[in-house]
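Working notes for the structure below.
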Amino acid sequence: MSASQADLLTALGQAIPAAQTSTEPAMLNQYGCDWTRAYEVAPAAVVFPKTEAEVVALVRQANAEDFKLVPSGGRTGLSGGAVASQGEVVVSFDKMNAISGFNAVDRLVTCEAGVVTANLQAFAQEQGLFYPVDFASSGSSHIGGNIATNAGGIKVIRYGLTRDWVAGLRVVTGTGELLTLNSGLVKNATGYDLRHLMIGSEGSLGLIVSADIKLAPAPEPQNVMVLGVPKLTDLLSVLTAFQQRLTVSAFEFFSDLCLRKVLAHRDLTAPLQQACEFYALVEFDESNLEAASDAFAFAMDQGWVVDGVVSQSEAQAASLWALREGISESIAADTPYKNDLAVRVSDVPEFLEAVQAEVVSNYPDFDVCWYGHIGDGNLHLNILKPKDLSVAEFVQRCEAMNPSIFAQVQQRNGSISAEHGVGLVKRDYLGYSRSAGELALMQGLKQLFDPNSVLNPGKLLR
Ligand code: 2HG
Ligand code: ZN
């Protein structure tokens, strides 16, 4: 063990019992990264605090002894926000995973940061309530990470983002101060709401240790339709046809290439008899089936939709959802270069056309998987690596395209990261979505909350 590593372990030992620290190479590899694979994984240690007091002590030690901390949840992020490449100490919230309180009157559940999203969803269901933020990684993502990235997912069109469900937070700032923010209040007009500053701050301002999460009334059982839509630009007309007649819980889309990838990867069947260039997936309350059937018939009459299927059971609804939710995993072997873009919903059709044109003219030899949460304006653009191209050359060619794609986003005041966060992957492109004035204020906030830059340095901001 090198002297500095021994010093680090001594410093950590002042904050947290030695049994809760690991320097095992396998643990460092596991805990030092997220789902991105482009960065070196090189943390010095991983620690597993069990209490708020231990988190406070860790941050104070980091300031005193000059080491850096990388907060780590379920490590399902796609932007490198939880990657430790520079000898940092990873702070895993795996052992702070209790649902520590529930109040039926307030419909609030108090979760430690390490509660797995699916466990919160199951807990809500046991109370006859509903936690509506949902995505493919719910089985492993943590509520703390969801808050730190303001995670979105598949039901944003109806229920909003993680931000909309956070009624209170406990956070340890970069100076080791424990803050209680908003305490579950519905109304609170006492100035700056620091809770909202923490949401989406990617661990750069404070470490979230627990949260009061709102729960919704349990929804009706849901029906799912998958529709064949030949033209990308008709997808929004289909959405409007549905929204004029009913409230949709989700409106997603994917291209035929995405479908073929999922079918090759999983034991599922094609939803429609004939292949179609694009598919829409619509979810809605079962009591709206008639209204949804009207919308479908109207969209067929208009020629926007050529075929469709509606779920007849919960199991069928789940397998239709699997066609959409399985895409990311199914294309992982193709080393996709990911972009997670958002514009206003009304700007989606012409934005899609403009980006598609950029991609086709610049990547004639690359396969492109388009999919995402089109109903809320969020599109996932995944470029697949040709087998014979090296990862380095592929990434370089994709990066060379980013300025022209991001210029299309900027022209529409859109976002270069709708729901995956900034982390390392999007940090140097932030200027396409944030003005120089905003970026300067963000740097100022970082300095205020974390003057020695001990929290997730180099992520989100340089
Ligand atoms: C999804 O919507 C996730 O499936 C992942 O946000 C998207 O892998 C992606 O690009
Ligand atoms: Zn998504």
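Indexing begins at 1, ligand by ligand and atom by atom, following the structure's order. Heavy atoms only: backbone and side chains are in, while hydrogens, waters and symmetry mates are out.
Panel note: side chain R427, backbone R462; no donor-acceptor pair is recorded below 3.5 Å.
Counting heavy atoms from C-beta on, the side chains of V360 and Q356 come closer than 4.5 Å.
Test Y279, Y371, W370 against F254 for ring-ring contact (aromatic ring centres under 6.0 Å, His included) and you get one pass: Y279.
A cation-pi arrangement is found for R75 relative to Y31, the charged atom lying closer than 6.0 Å to the ring centre and inside a 45° cone about the ring normal.
Distance check for D340 against the Zn ion (ligand 2): none of its N/O/S atoms falls below 2.8 Å. Checking H373 against the Zn ion (ligand 2), an N/O/S atom falls under the 2.8 Å cut-off.
Checked for salt-bridge contact, K261 and D367 miss the test: no charged N lies under 4.0 Å from a carboxylate O. Using a cutoff of 4.0 Å between basic side-chain nitrogens and carboxylate oxygens, E112 and K95 are not scored as salt-bridged.
Residue contact check: H373 has heavy atoms under 4.0 Å from atoms 2 (O) of ligand 1. Under a 4.0 Å criterion applied to the non-hydrogen atoms of N382, ligand 1 contributes the atoms 10 (O).
At the top of the distance list for atom 9 (C) of ligand 1, counting protein heavy atoms only, stands Y371 OH, 2.9 Å. The protein heavy atom nearest to atom 1 (C) of ligand 1 is R324 NH2, 3.4 Å. Among protein heavy atoms, the minimum distance from atom 6 (O) of ligand 1 is reached at H420 NE2, 2.8 Å.
Within E419, the N, O or S atom lying nearest to the Zn ion (ligand 2) carries the name OE2. Distances from the Zn ion (ligand 2) to each N, O or S atom of H380 single out NE2 as the nearest.
Atom CG of D365 has more than 12 heavy atoms from other residues, nucleotides or ligands within 6.0 Å.
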